[in-house]
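Just so we're clear, the structure is a prediction, and the values are computed from it rather than from any experiment. Worth knowing before you read on, the calculation uses all heavy atoms, side chains too, and leaves out hydrogens, waters and symmetry mates.
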Amino acid sequence: MKKIDQAATFLAAHTQLFRCPVCLEPYATVAGHSLICPNGHNVDLSKKGTLYFMQRAVASEYDNAMLAARRRMLQAGLFAGITDAFAAKLPATPQTILDVGCGEGTPLDDVLKGRRGQDAAVGFDLSKPGINLATQLDNDAFFCVADLAQMPFADHQFTAILDLFSPSAYNEFNRVLAPGGQLLKVIPNPDYLIELRQAIFPAGSAHASYDNSNVLELFQKHYPNATAERIHYQVPVPTDLFADLMLMTPMHWGADEARLAEVKANPFPAITVDVTLLTAEGVK
C-alpha cells in the first residue's frame, strides 16, 4: 500500500485524534486524501503520507545531514536505554501515543517495536525534513508537521505523551492528555554526552557544563506529584560513526572549527548517556 493510502486509512480510523488549527473544531470527515473540519477547512496528505498543519513557515535548524547523522547514531543504539524505559512505562493494554518533537522518528519506532502493533501512534515535529525521514520507517505510526504551541489534536485523546529532549507546552499537554494518561518527559543531565562536551568546549567556558535545574523545577511546578528516574549508561561509538556523533547534536553549532577538527581526528570509543525520565499522570 502506498504511504498516502496507508495514512488515509489511519486518519479514517482515528479522525477523533485531530482538530483544525484554524477554528479549533475537531475534524469530522476524511474525503479521499483530505482531512476536513465542520467549517470546511481542510488539510491534504502529502505523497509521503504526512499532514502539514503549520499556519506559518518556520525554519528548522536541523538540516538533512544532521538528521541523517542522528538516525545512524540512534539506530546504533544511542537512545536504546531511553526508549526501553519509555516502553516499560507504557501499560500492556493498547495505547494512544503522541510523540512530541519526534524528529526523524527512530525513538518512537523503537518504542513501538515491542508493542505488537496494538497502539495508535502520532509523531509530530516542526522539521519537515525530519518528518519526511520518519515516514521511511516501517511502522504504523502517523507523522505530521505541527506547532507545539498550538497542537492540531483534540482534547483528552492521548493516553501517553512522549517528550524526548523537546520543549514543552504544558497547557497543551494537559489539554490533549486523556484522564489518567501519562506524560513521559526526558531531560538531559549534566553528564549527557559529557565526553563530547568536554572535548569541544574549553574548561570554564559557558558551554563546558550543563544545568537542567530550571527545566526540572518548571516540570515539578506543573506536576508536583511527578516521579523522576535517572537513566545512565555508556554506548560504544564505532570509529565510522564518530563524525555522526559530532554532527547529530547542536553542540557543534558555533563551536571553534579548529577545535572540532581536532576532536574529529581523535575519536573516543564510548559516549555517556545521562538523562532523567520524568513521569506525570493526567488528571482523572
Side-chain angles (χ1 to χ4, degrees), residues 2-64 67 96-109 112 119-137 139-178 181 183:
K2 293 180 179 179
K3 283 287 186 179
I4 191 171
D5 295 323
Q6 181 180 335
T9 300
F10 180 94
L11 291 177
H14 303 289
T15 310
Q16 79 282 359
L17 299 182
F18 300 88
R19 78 173 191 181
C20 175
V22 178
C23 64
L24 308 185
E25 289 291 327
Y27 284 102
T29 307
V30 178
H33 296 141
S34 298
L35 195 56
I36 306 171
C37 83
N39 294 316
H41 303 120
N42 69 286
V43 285
D44 302 325
L45 285 166
S46 72
K47 290 181 180 180
K48 296 180 183 295
T50 66
L51 288 175
Y52 188 86
F53 285 108
M54 299 299 297
Q55 300 300 295
R56 55 188 173 83
V58 176
S60 172
E61 295 174 295
Y62 286 72
D63 59 22
N64 288 327
L67 289 162
T96 307
I97 301 169
L98 179 64
D99 186 6
V100 174
C102 66
E104 49 71 50
T106 299
L108 179 58
D109 186 57
L112 295 176
D119 306 306
V122 177
F124 79 93
D125 202 283
L126 275 177
S127 169
K128 189 175 180 180
I131 293 301
N132 286 341
L133 267 178
T135 65
Q136 297 176 9
L137 296 167
N139 60 48
D140 295 326
F142 182 87
F143 293 98
C144 54
V145 180
D147 186 356
L148 174 70
Q150 189 179 356
M151 297 193 293
F153 308 115
D155 295 354
H156 309 305
Q157 292 295 318
F158 292 91
T159 58
I161 296 176
L162 311 181
D163 178 346
L164 173 51
F165 298 161
S166 213
S168 296
Y170 294 121
N171 289 339
E172 281 289 86
F173 289 175
N174 293 337
R175 180 181 66 78
V176 304
L177 190 62
L183 168 59

So does T135 get a backbone contact from the side chain of K48, meaning a donor-acceptor N/O pair under 3.5 Å?
no

Identify the heavy atoms of C102 and G123 that sit nearest to each other, and give their distance.
SG-C, 3.5 Å

With a 4.5 Å cut-off on side-chain heavy atoms, are F173 and V100 touching?
yes

How many angstroms lie between CG in N132 and OG in S127, if you round to the nearest 0.5 Å?
8.5 Å

Shortest non-hydrogen contact between A146 and L126, atoms and distance:
O-CD2, 3.7 Å

What residues form a side-chain hydrogen bond (donor to acceptor under 3.5 Å, both in side chains) with S46, not counting sequence neighbours?
T50

By the salt bridge (Lys or Arg N to Asp or Glu O under 4.0 Å) test, which pairs, at least two apart or in different chains, include something from residues 27-46?
none

Keeping the roles fixed (side chain from D125, backbone from G103), state whether a donor-acceptor pair exists under 3.5 Å.
yes

With sequence neighbours excluded, what pairs up with A7 under the side chain to side chain contact (heavy atoms under 4.5 Å, CB included) test?
L45, F142

Are I97 and L112 packed together at the side-chain level, in the sense that at least one heavy-atom pair is separated by less than 4.5 angstrom?
yes

With sequence neighbours left out, the residues meeting side-chain hydrogen bond (donor to acceptor under 3.5 Å, both in side chains) with N174 are Y223

Which pairs of donor and acceptor atoms, one on a side chain in residues 153-165, lie under 3.5 Å apart (sequence neighbours left out)?
from, atom 1, to, atom 2, distance (Å)
D155, OD1, R175, NH1, 2.8
H156, ND1, R175, O, 3.2
H156, ND1, L177, O, 3.0
Q157, NE2, D155, O, 3.4
T159, OG1, Q95, OE1, 2.9
T159, OG1, T96, N, 2.9
T159, OG1, T96, O, 3.3
D163, OD1, S166, N, 3.0
D163, OD2, S168, OG, 2.9
D163, OD2, K185, NZ, 3.1

Could you list the residues that satisfy side chain to side chain contact (heavy atoms under 4.5 Å, CB included) with V145, not counting sequence neighbours?
Y52, M54, K128, I131

To the nearest 0.5 Å, what is the distance between CG (D147) and CZ (F53)?
12.0 Å

Listing request: all side chain to side chain donor-acceptor pair (under 3.5 Å) pairs with a residue in residues 16-25, at least two apart in sequence or in separate chains.
none

List the residues meeting side chain to side chain contact (heavy atoms under 4.5 Å, CB included) with Q150, not counting sequence neighbours, and say none if there are none.
L24

Selection residues 20-47 - residue pairs positive for ring-ring contact (aromatic ring centres under 6.0 Å, His included), sequence neighbours left out
none

Start with the C-alpha gap between V122 and H14, add the side-chain angles, then the distance that decides, and say whether side chain to side chain contact (heavy atoms under 4.5 Å, CB included) holds.
CA-CA 10 Å; V122 177; H14 303 289; over 6 Å; no

Could I get the full list of side chain to side chain contact (heavy atoms under 4.5 Å, CB included) partners for D109, not counting sequence neighbours?
K113, L137, N139

Spatial distance of atom SG (C23) from atom CG (N39) [nearest 0.5 Å]
4.0 Å

Please evaluate residues F124 and L148 with respect to the criterion side chain to side chain contact (heavy atoms under 4.5 Å, CB included), reporting the C-alpha separation (whole Å), side-chain torsions for both, the decisive distance (0.1 Å), and the verdict.
CA-CA 9 Å; F124 79 93; L148 174 70; 4.2 Å; yes

